[in-house]
Amino acid sequence: MQRPFPATLLYGGDYNPEQWPTEVWHEDMRLMKLAHVNMVSINIFSWALLEPEPDHYHFEQLDGIMDLLAQNGIMADLATGTASPPTWMSHLYPSLLPVTREGVRMSHGSRQHYCPNSPDYRRKTAALLERLATRYAQHPALKMWHLNNEYGCHTGSCYCENCAQAFRVWLEARYHDLDTLNFAWGTNFWSQRYYAWEDILPPRISPAQNNPGQTLDYWRFMSDSLLACYRVEEDLLRTITPDVPLTTNLMVAFKPVDAFAWASHMDIVSFDMYPPITARPSETAFSHDLMRSIKGGQPHLVMEQSPSQVNWMPQNPHKRPGRMRLHSLQAVAHGADGVLFFQWRQSKAGAEMFHSAVVSHDSSEQTRIFQQAARVGAELRRLAPHVTGSRVQAQVALLMDWQNWWAVEYQPGPSSRLHYWQLLLSYYHALHDLNVAVDIVAPDSDLSGYRLVIAPLLHMLRPGVASNLEQFVARGGSLLTTFFSGIVDQNDHVILGGYPAELRALLGIHVEEFDPWTKEMTNSVQIAEGNMQGTYPATLWGELVHLEGAKALGVFSCDYYANHPALTVNRFGQGKAYYLATQGNDELIAALTNHLCTEAQVAPVLNSPTGVEITKRVHSDGSELYFLLNHTDQPQSVTLPAGCFTALLDDKAIEGQVEIAAVDAVILRKNP
Amino acid sequence: MQRPFPATLLYGGDYNPEQWPTEVWHEDMRLMKLAHVNMVSINIFSWALLEPEPDHYHFEQLDGIMDLLAQNGIMADLATGTASPPTWMSHLYPSLLPVTREGVRMSHGSRQHYCPNSPDYRRKTAALLERLATRYAQHPALKMWHLNNEYGCHTGSCYCENCAQAFRVWLEARYHDLDTLNFAWGTNFWSQRYYAWEDILPPRISPAQNNPGQTLDYWRFMSDSLLACYRVEEDLLRTITPDVPLTTNLMVAFKPVDAFAWASHMDIVSFDMYPPITARPSETAFSHDLMRSIKGGQPHLVMEQSPSQVNWMPQNPHKRPGRMRLHSLQAVAHGADGVLFFQWRQSKAGAEMFHSAVVSHDSSEQTRIFQQAARVGAELRRLAPHVTGSRVQAQVALLMDWQNWWAVEYQPGPSSRLHYWQLLLSYYHALHDLNVAVDIVAPDSDLSGYRLVIAPLLHMLRPGVASNLEQFVARGGSLLTTFFSGIVDQNDHVILGGYPAELRALLGIHVEEFDPWTKEMTNSVQIAEGNMQGTYPATLWGELVHLEGAKALGVFSCDYYANHPALTVNRFGQGKAYYLATQGNDELIAALTNHLCTEAQVAPVLNSPTGVEITKRVHSDGSELYFLLNHTDQPQSVTLPAGCFTALLDDKAIEGQVEIAAVDAVILRKNP
Amino acid sequence: MQRPFPATLLYGGDYNPEQWPTEVWHEDMRLMKLAHVNMVSINIFSWALLEPEPDHYHFEQLDGIMDLLAQNGIMADLATGTASPPTWMSHLYPSLLPVTREGVRMSHGSRQHYCPNSPDYRRKTAALLERLATRYAQHPALKMWHLNNEYGCHTGSCYCENCAQAFRVWLEARYHDLDTLNFAWGTNFWSQRYYAWEDILPPRISPAQNNPGQTLDYWRFMSDSLLACYRVEEDLLRTITPDVPLTTNLMVAFKPVDAFAWASHMDIVSFDMYPPITARPSETAFSHDLMRSIKGGQPHLVMEQSPSQVNWMPQNPHKRPGRMRLHSLQAVAHGADGVLFFQWRQSKAGAEMFHSAVVSHDSSEQTRIFQQAARVGAELRRLAPHVTGSRVQAQVALLMDWQNWWAVEYQPGPSSRLHYWQLLLSYYHALHDLNVAVDIVAPDSDLSGYRLVIAPLLHMLRPGVASNLEQFVARGGSLLTTFFSGIVDQNDHVILGGYPAELRALLGIHVEEFDPWTKEMTNSVQIAEGNMQGTYPATLWGELVHLEGAKALGVFSCDYYANHPALTVNRFGQGKAYYLATQGNDELIAALTNHLCTEAQVAPVLNSPTGVEITKRVHSDGSELYFLLNHTDQPQSVTLPAGCFTALLDDKAIEGQVEIAAVDAVILRKNP
C-alpha cells in the first residue's frame with residue numbers, strides 16, 4: 001500500500017448535493033458536524049453534469065462542493081464519476097450500451113449502462129478523468145479517489161461485438177495459438193473446434209450448454225475487462241496524484257469480480273455492506289474478514305451501509321433500533337477503520353428515493369435514524385485514537401477462490417444445489433460461533449502463518465495449490481477439505497486416474513463415485529467414538545470413498561455406500577488432513593470445527609454466551625482491544641481474562657465480568 | 001352525454017356471422033328472437049374482409065348483415081373493426097407491429113398487433129372508418145358505435161421508434177422545456193440529465209430500475225396514446241353520425257387505461273366482465289360501481305360477459321347453474337341498462353373456439369346454456385319498463401386514481417406486496433357486506449354529495465387533492481385514508497418535511513418511518529375500547545406514527561413501535577379524518593367500516609343475511625326498486641321495510657318478509 | 001425392413017476416440033473385449049475434424065478408427081456426423097443458425113445449432129455425407145448408419161426466414177390455394193385472412209394466442225422439416241450403400257418428432273433411454289413398447305442409456321447397484337435386440353464430462369460401473385442365440401397420435417392440466433401392473449389383431465379413425481376412450497352437432513358440456529355394482545353426459561352433474577365401447593383396466609407379486625422365453641406354468657416355482 005489510510009476512523013457517506021439547491025448544502029454542513037462526519041463520497045453519478053455536451057466540461061458546481069467541504073474540514077472521497085455515462089453518449093455511441101447473452105441491447109434510463117470493452121467508453125472515461133484529476137490534484141479536500149462505482153453491478157457480463165473482439169485479444173494473450181485454446185476448451189467434443197480466431201464468440205445463448213472452458217474463460221475475461229476499466233483510471237491517477245490513495249467499492253459476495261486479483265491495484269479496500277435484516281451476525285463478519293484479508297490485513301473501509309431500510313429488496317423493513325450501530329462497531333471489530341453510509345440525504349426523486357439516509361425526508365435532526373447515526377459518529381471519534389494502527393490476527397484460514405466459484409457453479413452437471421458461497425459460510429458460521437479469528441485467503445497464498453486451514457469444495461486445483469496444501473500439512477498444519485474437491489485443473493479438465501487426484505496422497509483416500517442427492521434423498525454420518533461421537537444428518541452429496549492410508553472417523557449410515565467412509569483423517573508429515581465426503585448439518589460442522597480448533601490449539605478470543613461475538617485487535621506494541629458485541633435481545637455477561645480493562649465507549653474500568661446490554665457493545669482496552 | 005342510451009335494457013352479444021355460411025344467419029335470427037335479443041355487436045374483427053387489399057373496400061357482406069338485423073328488429077352495435085389490421089398490412093408497414101420493452105417486435109397471427117402510435121395504423125384506421133361510417137350513417141340498424149375493441153389489450157405498452165418519437169412530442173407538450181422535464185424526472189440522480197429531446201427514449205430495458213418519473217409519464221403517455229387512437233375514430237364519427245352514441249368496451253381493472261380520463265369521450269360506458277368462478281359477488285359489484293361512477297351515475301353497459309366457461313384461464317370450468325343469471329341481474333342492480341355476451345354463436349375454429357357462447361357447438365336451443373340465456377332475456381324484457389330511467393344513489397365514495405396506481409406499484413422500493421387494486425377491494429368488500437351503496441370516484445372529483453370517503457393508499461396527491469379532502473372533512477364529512485398515503489406529488493417527488501405532508505394537518509399526525517413487512521413479519525392492532533374493541537392481526541406494513549392533534553384509537557402491539565398509534569382520528573372542522581397505518585385483516589376492516597358508516601349516518605339499503613346482496617335504484621319521481629340477490633346455495637329470507645311491494649319477475653305482491661331461493665333474485669318495486 | 005438387424009444382441013456405446021490420444025485407443029480395445037462390446041457408435045460429433053475448412057475433407061483419423069474396429073472385430077455404427085456444423089460454418093452462413101419464436105438467433109458454442117430448413121446446412125450435409133459414404137461403403141467395420149443425432153433436440157422448432165419460406169412451400173403443397181388454407185385455419189376469426197402466400201409467417205410471438213390451425217400445421221411442418229433433413233441423408237445412403245441398415249436415435253416422449261411418420265424411413269428403430277432414478281419400471285417399458293410398435297414389432301435398439309449418473313438433470317445421482325443391468329434386460333424383455341451406452345469413455349472436458357461412462361475418470365476396469373457393464377455384456381452374449389429371432393406378441397393396443405398430442409396441448413383453452421403423455425402413461429401403468437403385453441399404435445392402424453383397444457383423450461379424429469374404431473368394435477373388440485375425445489377434425493375444427501361427434505353412435509352418448517376443473521375442484525365416480533363397485537376420486541375434468549343407447553356404469557357423485565353418467569358402456573355390433581368422462585385415480589384405472597382385460601379375455605403373461613415384471617418373447621416355431629424382472633429390493637417368488645424351464649443366465653433347470661433375488665432377473669426358456 002503506497003498511499004496510507006487516513007489515520008483516523010472515517011465516518012460519513014455518499015453525498016449528492018447536485019440533487020439539492022445550495023441552501024440545503026449549508027444545512028448539510030451543520031448536520032454533518034452534529035453527526036461527527038469527517039468524510040463524504042461525492043461526484044459518483046455526476047458525469048452528465050460535468051460534461052453536458054461532447055468535450056465541454058463544467059466543473060463549477062463541483063468546485064463549490066469541494067471548497068465547501070474543505071472549509072468545513074470534511075475530507076472528500078472524490079469519485080471519478082465514470083459509472084454512468086450521460087444520455088447523449090449512448091445516443092452518439094450506441095455500441096457503448098451493453099448486450100445480454102440473448103442479444104438484447106440495454107438502454108440508458110437507469111445507470112451503469114456501459115460495456116466495459118467499449119473503446120468509446122474507455123476513451124471518454126480517460127478524457128473526463130484527466131481533467132478532473134488535474135483540476136483537483138492540489139485541492140485540500142481531496143483525500144481519497146473513489147474509482148467508478150460498484151464495478152460490474154447490473155452488468156457483470158456483456159456479450160456485444162466489442163466484447164467478442166476483446167475476448168479474442170485476451171485469448172490470444174492467454175493461449176498464443178489456436179491449438180492450445182482448442183486443447184484447453186476440449187473442442188474435439190461436440191464438433192466445436194476453432195480454426196480461426198474470428199470464429200470465437202462470447203458464450204452467447206446457444207441450443208445446449210455452452211462449452212465450460214469457454215464459459216470459465218469468459219468469467220475470467222469479464223473480471224479482467226472490468227479491471228482494465230479500473231486500470232485506465234488507476235494509471236491516470238497514479239500519474240497525476242501519486243499521493244492520494246485509490247479505492248473502489250467492491251460488493252464482496254459478487255461473483256463477477258475476483259477481489260483477490262483486484263486488491264493489488266487498490267490502496268484501500270472498501271466495500272458495500274447490505275445484509276438483509278434476517279442475516280446472522282456471522283454473514284457481515286465474513287464480509288469484513290474477506291475484505292481485510294484480500295489486502296493482507298490492512299484496515300478496510302465500509303464504503304456504503306444503509307442507515308436503516310434499503311429499497312431494492314422485495315420488501316424493505318427498517319433495521320431495528322441499535323442494529324446499525326452494532327453493524328458499525330462490528331466493522332471496526334473486524335479490522336475496518338471506517339464506516340460510511342449510502343447516503344447522507346435521502347433523495348426526493350429517482351430510483352433510490354425510498355432508500356433510507358442519515359437525513360431523511362423529514363429533513364430533521366430529531367429522527368431516530370439521525371440520532372443513532374450521530375451517536376455512532378461520536379463513538380467512532382472517541383474510539384479512533386485507541387483503534388487506529390491495531391490489527392486483527394488469525395490462526396485459521398478459510399480458503400476462497402473466485403475461479404473455483406466460477407468453475408464449480410457452471411459445471412455441466414452433478415448438482416444444481418452446490419452454492420459455493422453458502423458452503424463457505426457454513427464453515428465460517430461455526431468458526432464465528434467459537435469466536436475464533438479467521439482470515440479468508442486464496443488457496444495459493446502463503447499459509448505458513450496458520451495452524452488450521454479449511455477449504456470447502458475446493459473443486460479446482462490451480463497449479464501449485466495441491467503442493468501448497470501439502471507443504472502446509474507436512475509442516476504440522478491441520479487441513480480440512482470436503483466433497484467434490486480436487487476434481488479439475490485450471491482448464492476445467494478432470495484430472496484422471498482417480499479423484500481427488502492431486503490431493504489423493506495428502507488425504508490418503510480415493511473417491512470412486514460422487515453421488516449428488518436430490519432434495520428427497522437423505523443419509524447421515526455416523527461417528528462411533530471420540531469427541532464428535534454421534535449421528536448427524538447429511539445433505540447435498542454422498543461419495544463412495546476408499547481408504548488409502550487415511551482412517552475413517554465417520555461413515556455413511558445408509559444407501560449403497562453405507563459403512564463406507566464419510567469423514568476421514570490422514571497423517572501427512574507433521575500434520576493431519578481431513579476430508580468430509582458430504583455436507584454436514586450445522587451440528588456436525590460445529591463439532592468438526594471445534595475438534596479441529598482444539599487439535600490445532602486454536603483458541604477462541606474469549607468464551608461467550610451464544611449471540612455474543614468477541615474479537616480482538618492488537619497494536620504492534622502488543623496492546624490489545626477487545627470488542628464484545630451482544631447481538632441478542634437480552635443482556636449478556638462475559639467473563640474476562642485476568643487483568644484490568646477500560647471500557648472505551650464510556651471510559652469505565654472493568655474487571656472480571658462484564659455486562660453487555662441487549663443489542664449493545666462493550667469495547668475494552670486491556671490496561672498494561 | 002350528447003347521445004342517449006337506448007331507452008330499454010339491452011340484451012344480446014358479439015355476433016360474428018362472417019365465420020358462418022349464410023344459412024346459419026337465418027337460424028341465428030330465429031334463435032335470437034327465442035332469446036329476446038335486441039342488440040348485437042358486429043364487425044369487430046372484420047377489417048381483413050372489408051379491405052382485402054390496400055384501398056380496396058368490400059362492404060357487401062356487412063350490408064347483408066346490417067339489413068338482416070334491421071329486418072329482424074335487432075339493433076346493431078356496429079364496431080369500427082379497427083382492432084386487428086389485416087395480415088397484408090403488417091407486411092406492408094412493418095413498423096405498425098408493436099415492440100416489447102426488450103426490443104422484440106410482435107408478429108401478426110393472433111390479434112391487436114398494432115402500435116398505437118403508428119402513423120400508418122392511424123391513417124388506415126381513419127380511411128376505413130370514413131367509408132364505413134358514411135356507408136351506414138343512415139342505416140336503420142345502426143344504434144351504437146363500438147370503437148375498436150378492448151383498447152390496450154395484450155399491448156398496453158409499446159416501446160418502438162414510433163412511440164419514442166411520439167413520447168417526445170407528448171413530453172414537449174407537457175413540459176415545454178428540458179429543464180422542466182429534468183426537474184420533474186429528477187435526472188440529476190444517476191447522471192440521467194437530458195440535453196436534447198432526441199436522447200429521450202421509452203423506458204426500455206436497462207441495467208437497473210428505470211427512472212420512476214419517466215416510467216410514470218410513460219404510463220400516462222400510453223393511456224393517452226390509446227385514447228388518441230380512440231379520438232381519431234371519435235372525431236370522424238361525431239362528424240359523420242352526430243346522433244349515434246359512441247362506446248368502447250373497457251376492461252375495468254385494467255391498469256394501462258385511465259377510465260376516468262376516457263369517460264368524457266364516451267357517450268355510453270361499456271365494459272367486459274369476466275370474473276373467475278371463485279370471485280366474490282363484491283368483485284363484480286365493484287366493477288359495476290366503478291363503470292357507473294366514471295360517467296357520473298349514467299347507466300352503463302356490460303358489453304361482454306361469458307354465458308358460461310371462458311377459454312383463457314389456466315382451467316376454465318363452467319359457471320354453475322344460475323350464476324350467469326345472477327351476474328346479469330346484479331349488473332342491472334348496480335345501474336347497468338344492458339348485458340351482452342361474448343359471444344352469440346360458439347366458433348368452430350380459432351383461438352376462442354372453446355369459449356362458451358349462447359349457441360354452443362351443439363347448435364341446439366335445448367342446451368342448459370341457451371335455456372338460461374333465453375330466460376334472462378325474457379326477464380330483462382319484463383324489467384325494462386320498470387327499470388329504465390332509474391339510478392343508483394350513494395353516500396359513500398371510495399377514491400380510486402389510475403395515476404396513483406401507476407406510481408405506487410412502480411415505486412423503487414418499499415414493498416412488492418402493495419397491490420392497489422386489492423387494497424381498494426378490501427374496503428369495498430366490507431362496504432358491500434353492509435349493503436351500502438358506493439361510488440368509485442377520482443380524488444379530485446366533487447365530494448360534496450357524500451358523507452363518507454375512503455381513500456386507501458392514496459400515495460400520490462395530485463394538485464388540489466389535499467385541499468379537496470380538507471374541504472370535504474371541514475364541511476362535516478368522514479374520511480379514512482391509510483398507510484403510505486400523501487407521500488408524493490404528481491411528479492412522483494416525495495413531499496419533504498414529514499409524511500404525510502399535505503395531509504398532516506387534516507389527519508393530525510406525523511409519520512416518522514414506514515416499515516414494509518416481509519411475509520414472515522407480523523404485528524397487530526390493539527383497540528382498547530369502543531365498538532371496535534379488540535386485537536386484530538395486521539399485514540403488509542407498519543409505521544412509526546406521532547400524534548399531532550389526532551387521537552389514537554388503536555396501537556401496534558409489538559416491535560419497536562409497540563404502543564405507538566396504528567389507528568387515529570382527528571377532528572377537522574365539522575368532520576373527522578381517520579388514518580390506519582397498516583393493512584388490517586378483514587375483521588378489522590369490517591369493524592372500522594361499520595364504525596365509520598354508523599358515525600356518518602350512512603345506512604345499508606336493507607339488512608340482510610350474509611351472502612344476500614341488496615341494492616336500490618330510484619327514479620326521478622322518488623319511486624324505488626329493490627334488488628335482492630341471493631348468492632348463496634341456500635334459500636334466504638329478508639325482512640322488508642314497511643309498505644307493499646311488487647315482485648317484478650313474477651308479478652307477485654309481497655309484504656313484510658321475502659323468501660329468495662338459492663342462487664336466485666327478487667326484484668321489488670315499492671308500491672306508492 | 002430392407003436391411004436386417006444384425007443377428008445378435010448388440011452391446012457397446014458411443015465412442016469418441018478423437019477426444020483422446022491414440023495410446024488410449026488401444027487400451028479401449030482391450031477393455032471393450034473385457035466388457036463383451038460388439039458395436040460402437042462413432043463419428044457423431046466429428047464434422048469439425050472431417051472438414052476443418054470449407055470443402056477440405058480429412059478422413060485420416062476416422063480411417064484409423066474404422067480400421068482399429070475392424071481389426072478388433074467390433075462393428076461400427078457409423079454416424080453421418082451432421083448433428084453439429086463446424087464453427088466456421090455458422091460464421092460463413094449466419095442464417096444456418098436457428099431462431100427462437102421471440103426472434104433470438106442462437107449462437108454456436110454448444111451443439112446442434114442448425115436450422116433444419118437452412119439450404120446451406122442441407123447442401124453441406126449432403127456434400128460431407130457423399131464423401132463419407134463413398135469412402136467407407138466397403139469398409140468391413142461398417143454395419144449400420146447412424147444418421148445425425150437426436151433430431152430436433154434443443155431446437156424442435158425454428159422460426160427464421162428460411163423456415164418461413166419453407167413453411168409457405170409446405171403449405172402450398174398441402175392446401176394448393178389460399179382459400180383452402182384460410183378455411184383450414186379459420187382465418188375469418190380475428191381478421192386473420194391471408195390474401196398472399198408471402199404474408200404467411202411461422203407462429204412467431206404475437207400479442208395474443210396464435211392461430212391454432214397455423215400452430216398445429218407448424219408442428220407438422222417442423223416434424224417434416226426434420227424428416228426432410230433425415231431424408232437427404234437417407235437418399236444418399238440408400239444409393240451408395242444399399243445394404244447397410246439405417247437408424248437414427250429417437251427420443252421417445254419427444255413431442256416435435258412424429259415417430260410413426262418416421263419409422264418407414266428407418267431400417268432399425270433406435271432410441272435414447274434416460275429415465276430419472278425415480279421412474280417406475282413401467283415408464284421404460286412404455287418406451288420400449290412404443291419403439292417396438294412403430295416398426296411393427298421388429299426388434300429395436302437402445303442406442304443410448306447411461307451406465308450410471310447423467311449430467312443434465314438438476315441433480316444427478318447414480319443409478320443404484322443392479323438397476324442398469326435390470327434396465328438392460330428389461331429392454332430385451334420388451335423386444336430390443338441390443339443396448340448401447342452413452343458413452344464408452346468418460347470425457348475429461350466439455351459439457352458432458354460428468355456424465356457417467358463405462359470407463360470412468362478413474363480409467364480403471366475395477367470400478368463398480370465397469371464391472372456391472374462387463375457382466376451385462378457377458379449375459380447378453382449368453383442370451384443372444386436364444387433370443388434373436390423371437391418377438392413380443394400383444395392383444396392390447398394403446399392408441400397414441402402425435403397430431404392429437406400437438407392439437408390437444410395447444411388448444412385455446414379448456415385446461416392447462418391436460419398432459420397427453422401422462423394420460424397415456426396412466427393407462428399403461430395399469431396394464432403393466434397386470435403383466436399384460438401392449439402395443440402402442442396409431443389410431444388409423446390395423447387393429448384387427450387386438451382384443452382390447454384403449455384410446456385416452458383421443459381429442460382429434462383424423463379421417464378414417466372413427467370408422468376404424470367402429471369396425472374394431474363391430475367385429476367384437478372392446479374399446480375404451482375418455483373425456484374430451486372426438487372433438488376436432490384434422491383441421492382442428494370442432495365437429496358440430498354434439499360431442500363426441502363421429503364417436504357418438506359408437507359410444508351411445510352425447511356430451512353437452514365439458515367442465516375442466518381447477519386443482520381445488522374435486523368430484524368422484526360412483527359405481528354401484530359389479531366387479532368395479534366403489535367410489536373413486538376423479539381429477540382434471542367432468543362432463544355433462546346424456547345417454548343415447550349406452551348404459552351408465554358409474555355416475556358423478558356431486559356438482560351440477562351429480563348422478564349423471566361418468567362411465568358408460570355401449571354395445572356396438574359384436575363388441576363394446578366404453579367411455580370415461582373424467583380422469584380416474586390409479587385405483588379406478590386399475591379396476592377398469594382389469595375389468596376390460598377380463599371381459600376381453602386378455603390374460604397376463606403370468607401372475608406375479610407387485611414389482612415383478614413378466615414378459616414373453618416367442619419364436620416363429622412357438623418356443624417361448626419368459627423374462628422375470630424383480631424391480632423390488634426384496635427377493636420374490638413366482639409360480640410358473642406347468643412344464644420344465646431352463647434359466648438361461650445360469651443354465652439351471654427350474655420347475656414350479658422360481659425365486660428371484662432383489663433387483664435381479666431370471667430369464668427362462670420353456671423346454672419342449
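Every chain is numbered from 1 and lettered A, B, ... according to where its sequence line falls, protein lines coming before strand lines. Just so it is clear, the model here is predicted, and its values are computed rather than measured.
The contact between C/Phe514 and chain B is made by backbone and side chain atoms together, counting heavy-atom distances below 4.5 Å. For B/Glu18, the parts sitting under 4.5 Å from any heavy atom of chain C are the backbone and the side chain alike. Residue C/Tyr561 touches chain B through its side chain alone, counting heavy-atom pairs closer than 4.5 Å. Only the side chain of B/Ile277 comes within contact range of chain C, with at least one heavy atom under 4.5 Å from a heavy atom of that chain. For B/Thr155, the part sitting under 4.5 Å from any heavy atom of chain C is the side chain, from C-beta outward, and nothing else. Neither the backbone nor the side chain of C/Leu540 comes within less than 4.5 Å of any heavy atom in chain B.
The contact list for residues 351-363 of chain B toward chain C, using heavy atoms and a distance under 4.5 Å, reads B/Ala351, B/Glu352, B/Met353, B/Phe354, B/His361, B/Asp362, B/Ser363 by residue number. Of residues 496-504 of chain C, those residues lying under 4.5 Å from chain B by any heavy-atom pair are C/Leu496, C/Gly497, C/Gly498, C/Tyr499.
The structure places CD of C/Gln411 at 10.0 Å from CG of B/Asn311, a figure rounded to the nearest 0.5 Å. With rounding to the nearest 0.5 Å, the separation of NE2 in B/His113 from CD1 in C/Ile205 is 14.5 Å. Taking CG of C/Asn210 as the start and CZ of B/Arg111 as the end, the distance is 13.0 Å to the nearest 0.5 Å. The structure places OH of C/Tyr195 at 12.5 Å from NE2 of B/His56, a figure rounded to the nearest 0.5 Å. Rounded to the nearest 0.5 Å, atoms CD (B/Gln309) and CD (C/Glu513) are 7.5 Å apart. Note that CZ of B/Arg323 is 13.0 Å distant from OH of C/Tyr560, once rounded to the nearest 0.5 Å.
For chain B, the option among C/Thr187, C/Asn491, C/Asp199 with the highest count of heavy-atom pairs below 4.5 Å is C/Asp199. Of the listed residues (C/Pro207, C/Gly213, C/Gly186), the greatest number of heavy-atom pairs within a distance under 4.5 Å of chain B belongs to C/Pro207. The candidate with the highest count of non-hydrogen atom pairs below 4.5 Å against chain C, out of B/Ser90, B/Ser364, B/Ala349, B/Gly109, is B/Gly109. Put simply, of B/Pro52, B/Pro321, B/Pro86, the one with the most heavy-atom pairs under 4.5 Å next to chain C is B/Pro52. Counting heavy-atom pairs closer than 4.5 Å to chain C, the top-ranked of the candidates B/Ile44, B/Thr87, B/Asn16 is B/Thr87. Counting heavy-atom pairs closer than 4.5 Å to chain B, the top residue among C/Ala196, C/Gly542, C/Pro516, C/Gly103 is C/Pro516. Your options are B/Gln346, B/Gln112, B/Met313, B/His108, and the one with the most heavy-atom pairs under 4.5 Å with chain C is B/His108. Chain B forms more heavy-atom pairs under 4.5 Å with one residue of C/Val494, C/Leu201, C/Val104, C/Ile200 than with any other, namely C/Val494. Of all the listed residues (B/Met106, B/Gln19, B/Glu102), the one sharing the greatest number of non-hydrogen pairs under 4.5 Å with chain C is B/Met106. Each of C/His510, C/Gln214, C/Glu520, C/His493 has some count of heavy-atom pairs under 4.5 Å with chain B, and the biggest count is that of C/His493.
Taking both residues in full, the closest heavy atoms of C/Phe189 and B/Gly350 are given as CD2-CA, 3.9 Å, listed atom of the first, atom of the second, then distance.
A donor-acceptor pair is defined here as one N or O able to donate and one able to accept, closer than 3.5 Å; such a pair exists between the side chain of B/Asn316 and the backbone of C/Pro414. A distance-only check finds a donor-acceptor pair linking the side chain of C/Gln192 to the backbone of B/Ser110 [under 3.5 Å]. The main-chain N or O of B/Ser84 is found under 3.5 Å from a side-chain atom of C/Ser191 such that the two form a donor-acceptor pair.
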Side chain to side chain contact (heavy atoms under 4.5 Å, CB included) between B/Gln61 and C/Asn188, intermediate numbers included:
CA-CA 12 Å; B/Gln61 191 184 45; C/Asn188 280 0; 5.5 Å; no

Residue pair B/Arg320, C/Asp515: steps toward the side chain to side chain contact (heavy atoms under 4.5 Å, CB included) verdict
CA-CA 10 Å; B/Arg320 270 38 199 161; C/Asp515 184 46; 2.6 Å; yes

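Counting only N and O atoms by type, the side chains of C/Ser416 and B/Gln315 include a donor and acceptor under 3.5 Å apart.
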